[in-house]
Asks: 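There's a structure below that I have some questions on.
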2 protein chains.
Amino acid sequence: MRRTRQVTILSVAAAAGVSKSTVSRVMNGTPTVDPEIVTRVRDVATRLGYRPSGTAQNLSRGRTGIVGVLVPDLANPLFAAILKGISAEAEKDGYRTLVADANEQPGEELRHLHELARQSDGLILCGPRMSTPDLAGLSELDEPIVVVNRKPARSLFPSVTVDSQEAVDALCRHLDALGHTRLCYLAGPAEAAAESDRWSALQSSIRSRTKLLRIPAGAMLDDGHAAADEALATGATCLIGFNDLVALGALARLQELGFAVPDRVSVAGFDDIVYARYTSPGLTTIAMPQTEFGQEAWRLLSPFLQGRKGRRTRTLQARLVIRPSTGPAPMRG
Amino acid sequence: MRRTRQVTILSVAAAAGVSKSTVSRVMNGTPTVDPEIVTRVRDVATRLGYRPSGTAQNLSRGRTGIVGVLVPDLANPLFAAILKGISAEAEKDGYRTLVADANEQPGEELRHLHELARQSDGLILCGPRMSTPDLAGLSELDEPIVVVNRKPARSLFPSVTVDSQEAVDALCRHLDALGHTRLCYLAGPAEAAAESDRWSALQSSIRSRTKLLRIPAGAMLDDGHAAADEALATGATCLIGFNDLVALGALARLQELGFAVPDRVSVAGFDDIVYARYTSPGLTTIAMPQTEFGQEAWRLLSPFLQGRKGRRTRTLQARLVIRPSTGPAPMRG
DNA sequence: GTGAAAGCGCTAACAC
DNA sequence: GTGTTAGCGCTTTCAC
């Protein structure tokens, strides 16, 4: 079907008594056009309501001006924040963001990415859950790719990652000082790179007198809520969520059960999503540089979009934010 | 610059010893192709890593397969949820969503929309803050448009709205039963249609013995946080936020100030964002049908994208969700 | 300074 | 069943 579009460049050209090329020049602000013609074309264009077809421009120019962004879950404020960071930065360079939400289903990611790739000039993958081989396979897309919050094998793609070790050390010192010797980590999805990062950071940070337990949870509010009972059963005095959503979910469950936080149990998380500050008690957490993640991702990607080489890695620092959800461990017995 | 792309349909055609058309047919799954050729073409395509250019397809087919979505603020879980609803539904029909976040700046909306329009087949405006004339002016884009959570003047565009009156009535009865006779509404942005909807619903619902005050706040967490002091100063025993973010912001401030909720002050909001359930105390709120908003928006838009006529309005029902943040009014000092 | 013409990579009549 | 051909609406050399 050849749907006839409304006002094309040709109609404007005809109405203004000039050639397509001239109209094109005017619309793109090429300076070498007779000012008189410029105004005439502008007028006609406005009168006719001419709006250049983005698609045609894209095809002709060989670029789309679109960057595809894949997130595991838009409902997670962390990713909403990263996305905002990307959009804001990309927009300055005239790019728009096409978003795909994988809904925490790793199997969906590849499909989304192939779709995104066909409509974009570059890709940003936020905390991708897909397998390492799948990730590596993306190089076949021959499109610039930047990965956020996961280090691709052999540095295949530029990536912006975070170093949490120091902050986790600080958290463990903090908990140790409060007398917690039995911690329970509510683990995230095995597919998330952050999961293993966080888990190993914890393992290497805990004091020798401290026992670190681990039970599976997930990445969402409900996962934390559901895992809380089991976590309590371990006898831990402090629950550490894979992320703030999990921590908040657990927190809610504790309060339902009448477990005072932090008096009976302490809770901590990762990310510092905006709500971590607004729950009560406020949540102690390892803060990720959220908007910065997005900004840096764009800055890494941008040069490649212009065919230049750019730097390949950027490491940001996480930091510990202490709030009332962590307090002194209750006395034994 | 005529950037030469990698593998075009032509290269595949040549390598497979067939015409472009045949390759096109194969790639699009047209059934009338010799099975043997199908496999041959598929093989060659895979071997060469051929991926059809979305842009060229778009131009040729006269459609982009993209729907543009404008939101006031992606960080608001309400809009994240609506967006998820749209994406999920649109995806079933083979459409992707291009998102623009106006960051609660009404002046930015038009610019974003014009941009979006050039890259999409249809537009969904979520709670647009722009002026009525501006909104009306969008009909010049001659693209199907659906508006969510705001009734366009003269029903210019199809819209999905919510009827909150009943739920607000229920809220007012609830508060009255608890003995609250002095309420303070933390108003949202004047530009938001929901703002006037909610305010007038409240006005027409309150009992005659009740005093309804109003102070300006905004649409975000910090706005509620900042407005809480002034709200308290009114002597109201219940604070009602324009939305849950405002309510939660105020709630946090109250707790900072040591005002027990709901013992000294009750708090309520609008939307029922996911965190309303997870704060403590849980937030009483008028729940919007969030994902449904998105779904319905797509269902309204979809027929128009196919050149058919569709229904023009859809009204969903809000409902009251009572949680511990509202309790009996304190005894008079 | 402006126009003519050749694409960008694909789809879809229309013939064969 | 398959190839030929004419676009989709724009950009961009290259002449004039």
Asks: Specify the separation, in whole Å, of atom CD1 of A:I9 and atom P of D:dC10.
Replies: 5 Å
Asks: Salt bridge check: are B:R129 and B:E109 linked by an N-O gap of less than 4.0 Å?
Replies: no
Asks: Hey, does A:N28 reach any base, or is it just sugar-phosphate, or nothing, if we go heavy atoms under 4.0 Å?
Replies: sugar-phosphate
Asks: Without decimals, in angstroms, what is the distance between B:L59 CG and D:dC10 C1'?
Replies: 8 Å
Asks: Under 3.5 Å, which N/O atoms of the protein pair with N/O atoms of nucleotides 1-4 of chain D?
Replies:
{"residue": "D:dT2", "atom": "OP2", "partner": "B:D34", "partner atom": "N", "Å": "2.6"}
{"residue": "D:dG3", "atom": "OP2", "partner": "B:S19", "partner atom": "N", "Å": "3.0"}
{"residue": "D:dG3", "atom": "OP2", "partner": "B:S19", "partner atom": "OG", "Å": "3.1"}
{"residue": "D:dG3", "atom": "OP2", "partner": "B:T22", "partner atom": "OG1", "Å": "2.5"}
{"residue": "D:dG3", "atom": "N7", "partner": "B:R25", "partner atom": "NH1", "Å": "3.4"}
{"residue": "D:dG3", "atom": "N7", "partner": "B:R25", "partner atom": "NH2", "Å": "3.4"}
{"residue": "D:dG3", "atom": "O6", "partner": "B:R25", "partner atom": "NH2", "Å": "2.5"}
{"residue": "D:dT4", "atom": "O4", "partner": "B:S21", "partner atom": "OG", "Å": "2.7"}

Asks: Specify the residue among B:A56 and A:V23 whose closest nucleotide of DNA chain D lies further upstream toward the 5′ end.
Replies: B:A56
Asks: If I take atom CZ in residue B:R61 and atom C1' in nucleotide D:dG7, what distance separates them, rounded to the nearest angstrom?
Replies: 16 Å
Asks: Please name the pair of heavy atoms, one in B:G127 and one in B:P72, separated by the smallest distance, quoted to 0.1 Å.
Replies: O-CG, 3.6 Å
Asks: Taking the axis from the first five pairs and the axis from the last five, what angle separates them in the helix from C:dG1-D:dC16 to C:dC16-D:dG1, rounded to 10 degrees?
Replies: 40°
Asks: Mind listing the closest non-hydrogen atom pair of B:P52 and A:R118 along with its distance?
Replies: O-NH1, 2.8 Å
Asks: Which atoms form the tightest heavy-atom contact between A:G49 and A:V7, and what is the distance?
Replies: O-CG2, 4.3 Å
Asks: Please give me the minimum heavy-atom distance between A:Y95 and A:D121, naming the atom from each residue.
Replies: CE2-OD2, 3.5 Å
Asks: In whole Å, I'd like the distance from the CG atom of A:L10 to the P atom of D:dG7.
Replies: 12 Å
Asks: To the nearest Å, give me how far apart CZ (A:R63) and P (D:dT11) are.
Replies: 12 Å
Asks: Hey, are A:R51 and B:D142 close enough for a salt bridge, meaning a charged N less than 4.0 Å from a carboxylate O?
Replies: yes
Asks: Would A:T161 and A:T313 count as a side-chain contact (heavy atoms from CB on, under 4.5 Å) if you check the C-alpha gap in whole Å, the side-chain angles of each, and the deciding distance to 0.1 Å?
Replies: CA-CA 8 Å; A:T161 50; A:T313 60; over 6 Å; no
Asks: On a heavy-atom basis, which atom in B:R312 and which in B:L156 lie closest, and how many Å separate them?
Replies: NH2-O, 2.9 Å
Asks: Tell me: CE of B:M27 to P of C:dA12, nearest whole Å?
Replies: 15 Å
